[in-house]
Amino acid sequence: MTVIPSIKSDYLGKLAEQGKRIDGRRFDEYRKIEIETHVVSKAEGSARVRIGNTQVLAGIKMDIGEPYSDSPNSGVMTTSAELVPLASPDFEAGPPGGRAIELARVVDRGIRESQIIDVDKLCVVPDEKVWMVFIDIHILDYDGNLFDTASLAALAALFSTKVPMDRFKPLFEKLKDTCPSINDYLQQHPTDYPLPLREPPISCTSVKFNNVVVFDPSLDEEEIAEGIGDVRSHGARLTVATDEKGHIRAMQKGLNGSFTKEEIQKAIKASIDNGNEIRQILYKSVGKK
Amino acid sequence: MTVIPSIKSDYLGKLAEQGKRIDGRRFDEYRKIEIETHVVSKAEGSARVRIGNTQVLAGIKMDIGEPYSDSPNSGVMTTSAELVPLASPDFEAGPPGGRAIELARVVDRGIRESQIIDVDKLCVVPDEKVWMVFIDIHILDYDGNLFDTASLAALAALFSTKVPMDRFKPLFEKLKDTCPSINDYLQQHPTDYPLPLREPPISCTSVKFNNVVVFDPSLDEEEIAEGIGDVRSHGARLTVATDEKGHIRAMQKGLNGSFTKEEIQKAIKASIDNGNEIRQILYKSVGKK
Amino acid sequence: MTVIPSIKSDYLGKLAEQGKRIDGRRFDEYRKIEIETHVVSKAEGSARVRIGNTQVLAGIKMDIGEPYSDSPNSGVMTTSAELVPLASPDFEAGPPGGRAIELARVVDRGIRESQIIDVDKLCVVPDEKVWMVFIDIHILDYDGNLFDTASLAALAALFSTKVPMDRFKPLFEKLKDTCPSINDYLQQHPTDYPLPLREPPISCTSVKFNNVVVFDPSLDEEEIAEGIGDVRSHGARLTVATDEKGHIRAMQKGLNGSFTKEEIQKAIKASIDNGNEIRQILYKSVGKK
Amino acid sequence: MKSDIKLIDGHGKRLDGRKADELRKIKIEAGVLHRADGSCYLEWGGNKVLAAVYGPREAIPKHTQNPLKAIVNARYNMASFSVEDRKRPGPDRRSVEISKVISEALERVILIEQFPRTMINVNIEVLDAEAGTRCAGLTAAGVALADAGIPMIDIPVACAAGKIDGHVVLDLGQKEDNFGDADLPLGLAPRINEVILLQMDGHLTMDEFNKAFELAHHGCLVVSEMQKKALLEKYESVVQPEEVVQDVQPEESE
Amino acid sequence: MKSDIKLIDGHGKRLDGRKADELRKIKIEAGVLHRADGSCYLEWGGNKVLAAVYGPREAIPKHTQNPLKAIVNARYNMASFSVEDRKRPGPDRRSVEISKVISEALERVILIEQFPRTMINVNIEVLDAEAGTRCAGLTAAGVALADAGIPMIDIPVACAAGKIDGHVVLDLGQKEDNFGDADLPLGLAPRINEVILLQMDGHLTMDEFNKAFELAHHGCLVVSEMQKKALLEKYESVVQPEEVVQDVQPEESE
Amino acid sequence: MKSDIKLIDGHGKRLDGRKADELRKIKIEAGVLHRADGSCYLEWGGNKVLAAVYGPREAIPKHTQNPLKAIVNARYNMASFSVEDRKRPGPDRRSVEISKVISEALERVILIEQFPRTMINVNIEVLDAEAGTRCAGLTAAGVALADAGIPMIDIPVACAAGKIDGHVVLDLGQKEDNFGDADLPLGLAPRINEVILLQMDGHLTMDEFNKAFELAHHGCLVVSEMQKKALLEKYESVVQPEEVVQDVQPEESE
């Protein structure tokens, strides 16, 4: 972790007490959000999302595999995240650590528990063969708020994804011998088709430090919340995913600080508002609505 | 490793020369042994064994798998041991090191080579499907003599194990299509039944230091034998598993010291005597005889 | 890495400028090459090769496995190299590092890209079962020029390899039920037969230091080229594999120095000449021609 | 994974007979291990959890030392035999995440600035698992830390609420967790009344969230009393009865 | 793997319409990342590559420090989604080898003796792969190093030539690589005109080698000009236009 | 694994024609490697084993150093091609255990207190395996240590006895090991006559154990003489013949 000189930390803290942020944003205001899809041609779907200077690339690959025994007619999804050292001097090469795993699991739950992917429509041969959806999150440039940038990149990539019927034609031909029931599926889906998706919840993250709660934290703000170099600091992070109806679909508190009930309720409300705005940006970028 | 102050080491050494141990035991005497079975409801069998303050939990899980090609009609057993950091400040998280591996392999050989588990009775579909028995050793509290405590816990857990016919009913139903010969097995075993076992050898461990050999070493005694902090020390450890007939079924010498032939013969005899007593405690706890 | 005293480094450098090497060889001259095959009875093929004091053992094991989907009727080959700590105080136990991986991959490419093994003749049941050839390189004694010694050991081991029909008889019998087409293969190959091989390219390696290029570098010469302890040194290594017709089949440049085009062309020519001589030594040792 | 199982009946009674706001049976014992500096054994419904604390001691490897405070390493680990299908030994992604959020929750309450350059290791072993192990683990860790005499602003405690068949209920059991609508594990520092752990999966309206939060909060306070009782019993077992009364009463009145 | 695909037609035209000595389309952008000390985004045919440089900074772990020079850690990594069949995350044997040969090539050109005890980390991420990624990666690394202001004797550059259907051609595409006869990736320090990376797979006569070497060498020089142009554009975008002209002209005249 | 194979016939003759108390053919050669400080090549029946010693040298990583003595790292490793079915490279649980018991056995005989803070690495490579590799490995390690000039109280040696078809015999071969009743590998410090390695698998009565121990002990003494002879031959090959006679005779008379 980069140590912010305490002078900077004090300055941001003082600003916060006056209701201000160093880049002039309101406490509940996001930096500029940019979404670009179809950025990787080898992937079934992909998107690069920028929130301020933070930049995340998500790619979707699909494969044919076997279903889990307790859901024999459902597709399978997996989310991985790599904090590659390209994105920050603080990220190290090697197998994912606690931070990358928490990120991947929070993004994964936001998609899985909200049932965005209609996995029941990803069955190829009942009991035997289903689609597997691999969501891979690649952090390219790290300036704070990975949770929201990564979640949004995963969503945008999913919305750009085509089920690769043509690429798997040779495998399907082979399967016809052993699994004749595949013909139903092939007749319904003669060619590539969009991944079947439901409405997406949007994740919104805030951090608390010096008793204020700010949304879409920059790296500087995150580092203050993480108490880098400051022993008394107990910052906290809260991610809330909400849907179009304003319902809560996932939450995750992080860091070694705490929240009051009131702070949590306020954060949920601001997450709903921000979520609605971000959902519009997402829809626009993927040509929905 | 904890370093015992040399004053304590010297004191135990002097006591030993006078034929005494710090807790008043004879050289060939065990601490109090307590065995409790059925302690984990998710396991097919389980037991918690205490020898003095040392405490080990063994759990048995079973699964259906494929036999080895050189014994197509026999079940398969596997023993793992974890020296979890819960049990001692000297145990580290991470993949098992030399110590945990030696422990697991000695416990495993004591069971495997003595053919305690009647693996020929664990065949479900000849050549195709057999029961796999997983013995997992979890050290909970470490105050010396892991080999005997872990071996005894594994035995007690095996004696409490029921083959989980009911839990695997769905799989068996599925197998009926492809392996009709499974019906024989299912008719013979309509419901959970005790794991088929033979008579168990009992492992007894002693360590040598200052030219005396003491059984059931406490942690203090083990550390002296391991020569912690003492360059001249060459302690040695000997584990001997013997059966009801007084036959030897497994041996393992450890540590960087040595034994004379006479010491080994004496240790075997004391192992047979102690083994008989411990076997009675085991039988009583599992309701056998 | 052993640090050569700079006095030795300077001495070798000065000799080089006078056109000399410490052991009296010409710049393009190899040390004595000895090849011994059939050194490991458990392996399908094996060879120990000495180039000077460097000694490498290669062993070939074969197994029946599944083909890759893009070459369903071809056998599969894999090359691994272990720099075991037996061979040098600078080699460490553990998973292969960059150096062992580069070595294995260069040896592998020399064999794979030149199609020495006629993998089309290693098909047992089309689309289903093929022979897998495992080439394992074990460094025994390290005194420079691993690339050539390892490549030559792999070749000699391949030439000594018999496809183990007898050892796999039980498996073949079993396969007759599910894959009746195996009978064709078994009729053609009733017993062990030599691995089908084509003509082998030979790898020749040189290093550059103090503006001279020397072939078959000793450990001292390699260490100077690697610039151990010398910040200004930019040594370079070049491996060229050539065939009987004098065609180039593989190249690999290494180390943090550079070559001019002329140096590369000269090295290719010397590699062809040395390769022809080494090929004769190989053929003689394996009884070919 | 959905199913046709009815998780709550017309009378608000759950599969195991509990009412909506009723906890499973909980048993807490402090100081159960000989070697550890502090320890706790906890049964919570079908969950069986052991926690052991070692430290503070010099942090190793050295480069992990913080010159200003102790580092807290909570390690949540499931025994291979604690679940229906045998789990491979060693950490998986789930246990790495749970270890992280529990470590962060504990750092909030431990007076880490009193022990610079040290580490405090909190080992949580799940021996038998039946939904809610992270709450059981954090609760056991709190007792083990207190048993070890580690200074804290609060004894941390945790309890979950959730939604089944559209009803908000306290402390989900295994089937309620598998087939329910939402789970909300809550970790609390009860004295300062602040949230130190919070996760949510599933689907809750704002009203349902408020109700679930209240239930879980209430559950935390109930379990917190059990924690104090367990510590008191351990304390009573090692000191004179008359002394206990004097020493512990003020603690209880807080 | 051989096939019946005709890779070059009677008029010397290749599958994608290129002539034998024609490069794929290349786009280079310097300074594209906020956090890195220097960076480069490069598209080369269907390849998309990002390179980021961090350092020089104190080498860790300490025992890797060299008291006489900087160590250069190039890390070539392919994104899971950059290839037809998803790649497992993390390094495989191929990427370990490529990282090694690129590190060695970069050590040749960086003035490593100016920064003892430090490390210079060069991270190369392949986001989309279509044959020739090691050349694209080394080329992007060169620009990123220059963008980071790391002193070098030369900006390294790379380009491959190869043989398809018996013809020597420049810069193989995916199918040419899969079904061709030989591939010769070449890395160059263009100012001193020395070879810093060289590999070859396949089958070349001495004459073919010479021809392929010439083609690849020519390709390197063309790409080298694009590198300088990209750096110039980055520079122009951050300084006054009039200053640019003065500063950069001498650089171009070399 | 049991079988119907008859391992010993009515005349006490074993499958390979040996008598009950007969060793397989053994060949020992000292000083066979150029780079190692000491080395040994050993053939024992179908086993082929190389041992190489490096050290004493400063122990790394530093935290493994013992201020009072050298640490002995024996590493027993089987080559992938040394067994019937190819073994994956790298240590498995079996080789980790064997490495541990061999390291402990060697620590008994090496004068480790003479070399504080150092490590002595003993690398044992099994190139061809046919039952009894751990005894072959310890025996080869003993010769390699002597060849390296490491001070020892004794040259360690090992040999196994076992039981086949109810008969106690010396030095089990492959099939005897697979289908026999018991195996008892014994490691000895021959001069002080103490047991430094002992393992047993199978089924032995007390009487059988005594008999097997005697056989294995006898085997150790025979092999011990071969070790000394191999060292003598190495010595003779590097010094003047007349000197050898003078120097070595007293050694042999011990």
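Numbers restart at 1 for each chain; the letters A, B, ... are given by sequence-line order, proteins then strands.
- In this structure, chain B has a heavy atom under 4.5 Å from the backbone of S82(D), while its side chain stays farther away.
- Residue-level contacts of residues 31-47 of chain B with chain D, in order of numbering, are V39(B), V40(B), S41(B), K42(B), A43(B); threshold 4.5 Å between heavy atoms.
- L140(B) CG to Y41(D) OH: the interatomic distance, rounded to the nearest 0.5 Å, is 10.0 Å.
- Note that NE2 of H34(D) and CG of D143(B) are 4.0 Å apart. Values are rounded to the nearest 0.5 Å.
- For N121(D), no part lies under 4.5 angstrom from a heavy atom of chain B.
- Interface residues of residues 92-102 of chain D toward chain B, defined by a heavy-atom distance below 4.5 Å: none.
- Minimum heavy-atom separation, Y54(D) to P89(B): CE2-CD, 3.2 Å.
- F91(B) does not carry R75(D) over the face of its six-membered ring by the limits of under 6.0 Å from the centre and within 45° of the normal.
- Put simply, the side chain of K61(B) gets close to the backbone of V83(D): a donor and an acceptor are under 3.5 Å apart.
- Contacts of E43(D) with chain B are absent, with no heavy-atom separation under 4.5 Å from either backbone or side chain.
- Interface residues of residues 123-141 of chain D toward chain B, defined by a heavy-atom distance below 4.5 Å and sorted by number: N123(D), E125(D), L127(D), D128(D), A129(D), E130(D).
- Contacts with chain D (heavy atom to heavy atom, under 4.5 Å) involve these residues of residues 150-168 of chain B, listed by number: R167(B).
- The contact between D136(B) and chain D is made by backbone and side chain atoms together, counting heavy-atom distances below 4.5 Å.
- For chain D, the nearby parts of S88(B) are the backbone and the side chain; heavy atoms of each come within less than 4.5 Å.
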